[in-house]
Amino acid sequence: MRVEGRETKIASDLLAFYDVHARRLPWRAPPGANAADPYRVWLSEVMLQQTTVAAVGPYFAKFTERWPTVGDLAASEDADLMAAWAGLGYYARARNLLACARAVVRDHGGVFPDTEEELRALPGVGAYTAAAVAAIAFGRRAVVVDANVERVVARLFAIDTPLPAARPDIRAAADRITPDARAGDFAQAMMDLGATICTPRNPACGICPLRADCAAVRTADPAAYPVKAEKKARPHRLGHGWWIERDAHVWLVRRPDKGLLGGMRALPSSDWSDAPDATPPLAARWTTIDAPVAHIFTHFSLALSVHHAHVGADVTPPGEGEWWPVARIGEAGLPTLFARAAEAVRKERDARD
DNA sequence: CATTCGTGGGT
DNA sequence: TACCCAAGAAT
C-alpha cells in the first residue's frame with residue numbers, strides 16, 4: 001500500500017468531501033455534466049470578487065438570461081450594462097467586464113483563451129480570476145488563492161505571520177497541496193470548505209474533513225488564523241445631493257469613469273468631505289429632507305443631505321445628463337446610495353400627499 | 001507594499 | 001450597535 005504524503009492526503013480528503021457535499025451553484029456544471037461554460041465561469045468569478053454568493057445569485061441569473069454568450073455581452077451598450085450592474089458594487093468590475101468581453105471578441109475570436117497567462121492579460125482579470133478560470137473552465141493545474149484559501153491554508157499549516165506579509169508563504173503552501181488532476185474541483189472545494197466549515201468565526205472543526213490534517217485545530221484557538229494586521233479607522237464624511245425635478249422628470253448625471261461610483265448614473269452632488277460645498281447647482285425653492293441618507297462605503301461613511309426642488313423649462317440643469325421619468329426611477333440603474341436618496345424623496349412626497 | 005473601490009449579511 | 005467580512009483588481 002502506497003503511503004500518502006501529507007500534501008497528497010489533504011487533496012484526496014478534500015476532493016472526497018467535494019464529491020459528496022459540493023454546493024450546487026448556477027455557474028457550476030451539474031455533477032456528471034461536461035465542463036462548465038468558460039463564459040459563465042468568468043462572469044461568476046468577476047461578480048464574486050469581494051461579493052457573497054447570495055448577492056451574486058440574482059445578478060448572475062439576470063446577466064446570463066439577457067446576455068447568454070460573451071458575444072452578446074460584448075455587443076451591449078455601456079449604459080445598459082452599468083445599469084444592470086447597479087447595486088452590486090465595485091463598478092470598475094462592470095467597466096472591465098465589458099472591456100474584457102470586447103477583447104475576447106476582438107482578439108480571441110469570441111473564445112476565451114485557455115491559459116492562465118492569456119487570461120491574466122484581460123481587463124479585470126487578476127491573478128486569482130485567471131487561475132480560477134484556467135482551473136475550473138479548462139482543467140488546467142493552477143494555484144487558486146482567494147480569501148477562503150488563505151484562511152484554510154493558514155489554519156492547515158498554522159501560519160502565524162500576519163497578512164498581507166504571509167501571502168508568499170500561503171501561496172507556496174497552496175501550491176504544494178494543489179493536485180495535478182482536478183485542480184478546478186480542488187479550488188472550488190477549498191472555497192466551499194471556507195464558506196461552510198472553515199469559516200472566519202466559529203469554524204465547525206468538529207465536522208471538518210481536513211481535521212486530521214490541520215495544525216490549527218490542535219491549538220487553543222483555530223479561529224485565530226490567519227493573523228491580520230490592524231485596520232485603520234473609517235472616517236466620516238458629509239455631502240449634498242440635489243433632486244432637480246421638471247415635468248415629472250428628474251435630472252440625472254453620469255459620473256466620471258474613474259473614481260467612486262465611476263460611470264454610474266447619479267444625482268448631481270457635492271464633493272464628499274468634512275466641509276462639502278453646499279451651494280445648490282441652480283437657483284430654486286429648495287427643500288431639505290430632515291434625515292440625511294447614511295451610507296457606508298469601504299473606506300469612509302457618508303451622510304448625504306438630500307435637497308429637492310421643482311424647476312421650470314427655462315432653467316439649465318448642471319453638467320452632462322438626462323431628464324429621467326420619476327415614475328421609472330427604479331430602472332435608471334442608480335447605485336445604492338442614490339437609489340436610497342431617491343427613495344427618501346419619494347417617501348417625503350407620499351407623507352405630504 | 002498601501003490605497004481605492006460598494007454593498008449586504010452575519011455576529 | 002459596531003464591527004467584520006466577502007470567489008480581488010488596478011494603480
Side-chain angles (χ1 to χ4, degrees), chain A residues 23 25-28 36 40-60 82 85-97 99-100 119-137 142-152 162-168 174 184 186-196 198-203 223 226 228-236 255-264 266 272 293-302 333-340:
Chain A
R23 289 181 292 173
L25 299 171
W27 43 87
R28 285 185 182 170
R40 293 166 66 88
V41 173
W42 161 75
L43 178 62
S44 70
E45 290 300 343
V46 174
M47 287 184 166
L48 286 161
Q49 289 165 7
Q50 296 291 288
T51 308
T52 58
V53 166
V56 165
Y59 285 86
F60 183 80
M82 298 306 287
W85 196 275
L88 198 55
Y90 284 149
Y91 298 99
R93 292 185 296 171
R95 300 192 298 275
N96 285 329
L97 192 80
C100 181
L119 289 161
R120 178 67 183 81
L122 293 167
V125 177
Y128 163 77
T129 302
V133 173
I136 297 168
V143 182
V144 180
V145 182
D146 75 325
N148 288 299
V149 175
E150 283 186 349
R151 183 172 59 256
V152 172
L163 287 172
R167 293 234 157 88
F186 176 80
Q188 295 180 91
M190 289 286 275
M191 294 189 270
D192 279 12
L193 187 75
T196 63
C198 194
T199 50
R201 282 177 285 189
N202 305 317
K228 295 192 176 182
E230 276 189 51
K231 49 196 63 168
K232 52 181 200 178
R234 175 163 36 217
H236 188 67
R255 294 175 61 84
D257 274 331
K258 298 200 173 186
L260 197 64
L261 310 179
M264 301 300 287
W272 301 338
V293 172
H295 193 75
I296 299 175
F297 295 104
T298 300
H299 55 294
F300 67 96
S301 60
L302 176 69
L334 294 175
T336 298
L337 168 66
F338 292 111
R340 291 171 63 187

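Values reported hereafter were calculated over all heavy atoms of this structure, with side chains retained and with hydrogens, waters and symmetry mates removed. Note on naming: letters A, B, ... go to the chains in the order of the sequence lines (proteins, then strands), and numbering restarts at 1 for each one.
- The CG atom of A:Leu302 sits 13 Å away from the P atom of B:dC5 (whole-angstrom rounding).
- One distance of note links CG of A:Leu261 with CZ of A:Arg255; it measures 5.0 Å at 0.5 Å rounding.
- Contacts between residues 124-131 of chain A and DNA chain C, defined by a heavy-atom separation under 4.0 Å, are made by A:Gly124, A:Val125, A:Gly126, A:Ala127, A:Tyr128, A:Thr129.
- With C:dC4, C:dG8, B:dC5 as the choices, the nucleotide that has an atom nearest any side-chain atom of A:His299 turns out to be B:dC5.
- Contacts between residues 86-96 of chain A and DNA chain C, defined by a heavy-atom separation under 4.0 Å, are made by A:Asn96.
- Across the protein-nucleic acid pair, A:Phe300 atom CZ and B:dT4 atom C1' stand 10 Å apart, rounded to whole Å.
- Take A:Ala86 and apply the side-chain contact (heavy atoms from CB on, under 4.5 Å) test, not counting sequence neighbours, and it matches A:Met264.
- The side-chain contact (heavy atoms from CB on, under 4.5 Å) check on A:Ser301 picks up A:His236, A:Ile296, with sequence neighbours excluded.
- The separation between A:Leu193 atom CG and C:dA7 atom C1' is 14 Å, rounded to whole Å.
- The phosphate of C:dG8 has OP1 or OP2 within less than 4.0 Å of a side-chain N or O from A:Gln50.
- In this structure, A:Arg151 places its CZ atom 12 Å from C1' of C:dC4, rounding to the nearest Å.
- Qualifying salt bridge (charged side-chain N to carboxylate O under 4.0 Å, His left out) partners for A:Glu45, counting only residues two or more places apart in sequence or in other chains: none.
- A donor-acceptor pair under 3.5 Å links the side-chain atoms of A:Arg234 to the main chain of A:Thr298, judged by distance alone.
- The separation between A:Trp272 atom CH2 and B:dG6 atom C1' is 11 Å, rounded to whole Å.
- In this structure, the separation between CD on A:Glu150 and OH on A:Tyr128 is 12.0 Å, given to the nearest 0.5 Å.
- For the pair A:Ser44 (side chain) and A:Val41 (backbone), a donor-acceptor distance under 3.5 Å is present.
- Between A:His295 and B:dT7 there is a side-chain N or O to OP1 or OP2 distance below 4.0 Å.
- Contacts of A:Arg40 classified as side-chain contact (heavy atoms from CB on, under 4.5 Å), with partners at least two apart in sequence or in another chain: A:Asp37, A:Phe60, A:Thr64.
- Using a 4.0 Å heavy-atom cutoff across all strands shown, A:Leu25 reaches at least one base atom of the nucleic acid.
- Of the candidate nucleotides C:dC5, C:dA7, B:dT7, B:dT7 has the atom nearest to the side chain of A:Phe297.
- Side-chain contact between A:Gln50 and A:Tyr90 is present, with heavy atoms from C-beta onward closer than 4.5 Å.
- Less than 4.0 Å separates DNA chain B from at least one heavy atom of each of the following residues of residues 255-263 of chain A: A:Gly259, A:Leu260, A:Leu261.
- When distances are taken from the side chain of A:Arg28 to each of B:dG6, C:dA7, C:dG8, the shortest belongs to C:dA7.
- Ring to ring, A:Phe297 and A:His299 are not that close: their centroids are 6.0 angstrom or more apart.
- Per the geometry, CZ belonging to A:Arg23 stands 13 Å off P belonging to C:dA6, to the nearest Å.
- Under the salt bridge (charged side-chain N to carboxylate O under 4.0 Å, His left out) criterion, A:Arg340 pairs with no residue at all, not counting sequence neighbours.
- Nucleotides C:dA7 and B:dC5, compared at atom P, are 23 Å apart to the nearest Å.
- Here A:Arg120 does not reach the OP1 or OP2 of C:dG8: none of its side-chain N or O atoms lies under 4.0 Å away.
- In this structure, the side chain of A:Arg93 engages the main chain of A:Leu88 through a donor-acceptor pair within 3.5 Å.
- In this structure, NE2 of A:His236 is placed 14 Å from C1' of C:dA2, rounded to the nearest angstrom.
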With 3.5 Å as the limit, what N/O pairs link the protein to nucleotides 9-11 of chain B?
none

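- Residues satisfying the ring-ring contact (aromatic ring centres under 6.0 Å, His included) test with A:Tyr59, not counting sequence neighbours, are none.
- When the side chain to side chain donor-acceptor pair (under 3.5 Å) test is applied to A:Thr336, no partner is found at least two apart in sequence or on another chain.
- Rounded to whole Å, the distance from CD on A:Gln49 to P on B:dT4 is 20 Å.
- Remark: A:Arg28 pairs with A:Asp192 by the salt bridge (charged side-chain N to carboxylate O under 4.0 Å, His left out) rule, at least two apart or across chains.
- Picking from B:dT3, B:dA2, C:dA7 the nucleotide with the shortest atom distance to the side chain of A:Pro164 gives B:dA2.
- Closest to the side chain of A:Thr298, out of B:dT3, B:dG6, C:dA7, is B:dG6.
- Among the heavy atoms of the strands, none lies under 4.0 Å from A:Trp85.
- Within 4.0 Å (heavy atoms only), A:Thr51 reaches at least one base atom of the nucleic acid.
- To the nearest whole angstrom, the two P atoms, one in C:dA9 and one in B:dG8, are 22 Å apart.
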